[in-house]
Amino acid sequence: MSTRYRIGLVALALVSAVALTAGCGRGGDASSDFKIAVVTRNFTNPYWAALRDGALAEGKRLGVDVAVQAGQSETDADGENAQISTLAAQGYDCFAVVPVNATNVITPLVPVARKNIPILNLDTQIDADASKQAGVGYASFIGSDNLAAGKIAGEKMLDALGGSGKVIVLQGIAGEQNGINRDKGFTDAVAGKLEIVQRAPADYEQDKGLTVTEAILKAHPDITGIFAANDTMGLGAAQAIKNAGRTGQVKVISVDGIQAALAAVKAGTLHGTVTQYPYAEGELAIQACLAKHQGKTIPDRVVAPIAFIGSDNVEQQITAFPRPITTFDNPLAGLVNK
């Protein structure tokens with residue numbers, strides 16, 4: 001855990017201790033009837049499972065009721081929307097939502113917005129114009145900088161390939177903004193140096209990452225690098241490379257920092273991962289909801305930490321998991337009265 005992250009937690013604890021004796025205004029105590037609903041894409045992807053775990057752990061620490069629900073897959077917009085609609089009828093006081101795409105969650109959030117219940121947009125940006133037209137607003141966006149994640153991946157790929165080579169990009173869900181931003185960040189970083197010979201969607205799924213990479217390796221046997229927009233696709237790509245007997249010859253860099261990816265970096269089958277700390281995003285969501293409930297002003301945007309994990313620091317990250325090993329200034333630290 002970074003020094004600033006620890007300091008943030010200590011500050012939060014000190015403010016909480018003062019609040020126990022001094023009290024505060026509206027919502028001064030984290031009353032047991034305050035309920036937070038978190039909805040994400042699925043729990044099959046360890047990234048979203050980590051966000052769930054962070055939210056539940058922070059809710060327990062702060063003494064608030066937290067429910068986390070999800071769809072059945074990365075693309076299950078209907079399932080996710082059904083979960084939001086169900087929770088919207090159950091008296092929750094704050095919602096934190098990760099959309100499947102830029103617009104899918106807007107309609108089920110309309111009844112929530114009409115009740116003036118705070119809504120947080122987590123991880124993946126929801127379309128602002130479409131939301132405004134539907135009368136849905138967001139108290140804050142909490143997520144990492146995906147352009148920066150792609151840029152870091154591109155810079156590390158340049159280092160790994162000695163500044164030249166042919167690469168492919170495994171994209172996520174068509175139209176999903178995080179994947180678009182990661183692709184752009186990577187592309188901008190390698191422009192004029194690495195040749196991107198193909199882009200192919202694999203829906204953030206490991207089996208699709210495997211099958212798509214197998215086909216690409218046959219079509220482009222001279223590639224030396226693969227950038228995958230998430231770890232599960234990256235792990236699929238690494239398996240395809242291993243199956244082709246080319247481990248070490250084709251460098252794979254992905255995004256997320258899930259445990260399986262860290263293990264693959266340690267084993268040398270994955271060159272690196274840009275970890276985005278979804279556990280911290282889950283914690284931040286609960287802190288923001290509670291601060292809002294207590295009448296505090298929260299930032300319009302909270303940027304979660306990211307870091308590149310390679311062979312030189314993977315052991316440190318495995319030990320610290322799921323906590324960040326990078327510096328992180330938490331703007332919500334000190335706002336919450338426990």
Side-chain angles (χ1 to χ4, degrees), residues 4-5 7-16 19 24-40 47-48 50-70 84 87-88 91-99 105 109 112-113 115-126 128 131 136-146 178 276-306 322-324 328-338:
R4 292 188 188 179
Y5 196 76
I7 290 171
L9 293 178
V10 169
L12 182 59
L14 289 173
V15 173
S16 299
C24 67
R26 176 180 172 269
D29 295 324
S31 57
S32 59
D33 59 352
F34 178 64
K35 304 195 309 181
I36 301 171
V38 180
V39 183
T40 186
Y47 185 90
W48 306 121
L51 189 150
R52 172 199 63 199
D53 294 346
L56 291 174
E58 190 68 356
K60 183 176 181 179
R61 189 181 75 83
L62 294 175
V64 296
D65 184 358
V66 177
V68 187
Q69 299 295 339
I84 294 171
L87 292 166
Y92 282 87
D93 303 292
C94 186
F95 277 71
V97 180
V98 179
V105 300
L109 285 174
V112 178
K115 296 177 183 177
N116 294 317
I117 297 170
I119 303 169
L120 304 177
N121 178 190
L122 302 184
D123 194 88
T124 306
Q125 201 84 46
I126 302 170
S131 295
V136 177
Y138 308 100
S140 182
F141 173 80
I142 299 174
S144 54
D145 186 335
N146 286 285
N178 284 358
Q276 294 195 294
Y277 303 111
Y279 189 95
E281 286 187 20
E283 292 178 311
L284 291 168
I286 304 309
Q287 292 171 18
C289 272
L290 187 54
K292 187 74 175 175
H293 172 65
Q294 294 173 347
K296 309 295 177 56
T297 299
I298 63 175
D300 292 336
R301 183 180 181 89
V302 178
V303 181
I306 59 175
R323 301 289 184 180
F328 172 48
D329 291 313
N330 179 3
L332 299 172
L335 290 182
V336 176
N337 297 322
K338 185 176 178 181

Gap separating the [atom1] atom of [X] from the [atom2] atom of [Y], nearest 0.5 angstrom:
X: Ile298; Y: Cys289; atom1: CD1; atom2: SG; answer: 7.5 Å
X: Asp33; Y: Asp65; atom1: CG; atom2: CG; answer: 9.5 Å
X: Asp53; Y: Glu283; atom1: CG; atom2: CD; answer: 10.5 Å
X: Arg52; Y: Tyr279; atom1: CZ; atom2: OH; answer: 11.0 Å
X: Gln125; Y: Asn178; atom1: CD; atom2: CG; answer: 8.5 Å
X: Ile142; Y: Arg301; atom1: CD1; atom2: CZ; answer: 10.5 Å

Quick one about Gln287 and Asn330 (side-chain donor to acceptor, distance below 3.5 Å, no hydrogens or angles considered), yes or no? yes
Might you work through the side-chain contact (heavy atoms from CB on, under 4.5 Å) test for Tyr47 and Glu281, ending with a clear yes or no? CA-CA 11 Å; Tyr47 185 90; Glu281 286 187 20; 3.4 Å; yes
Please test Lys292 against Leu120 for side-chain contact (heavy atoms from CB on, under 4.5 Å), starting from the C-alpha separation and ending with a verdict. CA-CA 10 Å; Lys292 187 74 175 175; Leu120 304 177; over 6 Å; no
Ignoring hydrogens, what is the shortest heavy-atom contact between [X] and [Y]? Give both atom names and the distance.
X: Asn146; Y: Gln276; answer: OD1-NE2, 3.2 Å
X: Val38; Y: Ala55; answer: CG2-CB, 4.3 Å
X: Phe34; Y: Val64; answer: CD2-CG1, 3.9 Å
X: Tyr92; Y: Ile36; answer: CD2-C, 3.5 Å
X: Ile126; Y: Pro99; answer: CG1-CG, 3.6 Å
X: Phe328; Y: Leu284; answer: CZ-CD1, 3.8 Å

Does Val39 form a side-chain contact (heavy atoms from CB on, under 4.5 Å) with Val105? I'd like the steps, not just the answer. CA-CA 10 Å; Val39 183; Val105 300; over 6 Å; no
Are any of the side-chain heavy atoms of Lys296 and Asn337 separated by less than 4.5 Å? yes
Run the side-chain contact (heavy atoms from CB on, under 4.5 Å) check on Asp123 and Trp48 step by step: do they pass? CA-CA 10 Å; Asp123 194 88; Trp48 306 121; 3.2 Å; yes
Taking side chain to side chain donor-acceptor pair (under 3.5 Å) as the test, write out the residues that go with Asn121, two or more places apart. none
Run the side chain to side chain donor-acceptor pair (under 3.5 Å) test against Tyr138 and tell me which residues pass, sequence neighbours left out. Ser131
Sidechain-backbone polar pair: Ser140 side chain, Pro299 backbone, donor-acceptor under 3.5 Å: yes
Among Leu87, Val97, Val136, Ile119, the one residue meeting side-chain contact (heavy atoms from CB on, under 4.5 Å) with Val112: Ile119
